[in-house]
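The structure appears below as structure tokens.
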Amino acid sequence: VAKLLSRIVAPSDMDFRDGDQASSTLHDHTYGITSDPLTQFACVLSALIHDVDHQGVPNTTLVAEEDPLMDRYGGKSLAEQNSVDMGWDLLMSERFRPLVAILCQDQIELARLRQLVVNS
């Protein structure tokens, strides 16, 4: 998330007097994050769910102790994948259906949001 959010910061040498040029430069510098509300929401959501259900030990310990998450996630990034799944399941619950309907107009946008969250 920090890497993505760091791209939102404007370049220090940018000239803001030319609005069109500044907008184009900022869009290019931030890889479009500043002009994509869904990506911005995905960054915030990723930050919020980052350590959901974290057991307080590193992934290597979870693997060494043969935690049930190991089977579920194939031994890779266990805590992180679990956090994403738990956060996503909560977002997909009935309680947040109105929010999801505002964020994503169709299944394509919903799939894109999921991909953004997973990769943040």
Item to check | Q81: partners by side chain to side chain contact (heavy atoms under 4.5 Å, CB included), with sequence neighbours left out | outcome: Y73, K76, S77
Checklist entry - Are L103 and L110 side-chain neighbours, meaning at least one heavy-atom pair lies under 4.5 Å? => result no
Next on the checklist: For the SG atom of C104 and the CG atom of L99, what is their distance to the nearest 0.5 Å?
Outcome noted: 8.5 Å
Checklist outcome for this item: Sequence neighbours excluded, the answer for side chain to side chain donor-acceptor pair (under 3.5 Å) partners of N59 is E80
Checklist entry - Any donor and acceptor pair, going by atom type alone, linking the side chain of T61 with main-chain N or O of V57 inside 3.5 Å? => result no
Checklist entry - Is the backbone of S120 close enough, under 3.5 Å, to the side chain of S46 for a donor and an acceptor to pair up by distance? => result no
Next on the checklist: Can you tell me how far apart CD (Q40) and CG (L45) are? Round to the nearest 0.5 Å.
Outcome noted: 13.5 Å
Item to check | Listed partners of D53 passing side chain to side chain donor-acceptor pair (under 3.5 Å), at least two apart | outcome: N82
Checklist entry - Mind checking what makes side chain to side chain contact (heavy atoms under 4.5 Å, CB included) contact with L90, not counting sequence neighbours? => result S93, F96
Checklist entry - Is the shortest heavy-atom distance from the side chain of M86 to the side chain of I49 under 4.5 Å? => result no
Item to check | Straight-line distance of Q115 CD to T39 OG1, nearest 0.5 Å | outcome: 11.5 Å
Next on the checklist: Applying side chain to side chain donor-acceptor pair (under 3.5 Å), can you list everything that pairs with R72, at least two apart in sequence or on another chain?
Outcome noted: none
Checklist entry - Are D85 and R114 close enough for a salt bridge, meaning some N to O gap below 4.0 Å? => result yes
Checklist entry - So if you build clusters from Ile, Leu, Val, Met, Phe, Trp, Tyr with side-chain heavy-atom gaps below 4.5 Å, do M70 and V84 land together? => result no
Checklist entry - What residue pairs, at least two apart or across chains, pass side chain to side chain donor-acceptor pair (under 3.5 Å) with a residue in residues 95-108? => result E94-R97
Next on the checklist: Test of understanding: clusters of I, L, V, M, F, W, Y form through side-chain heavy atoms closer than 4.5 Å, transitively. Do W88 and L69 belong to the same one?
Outcome noted: no
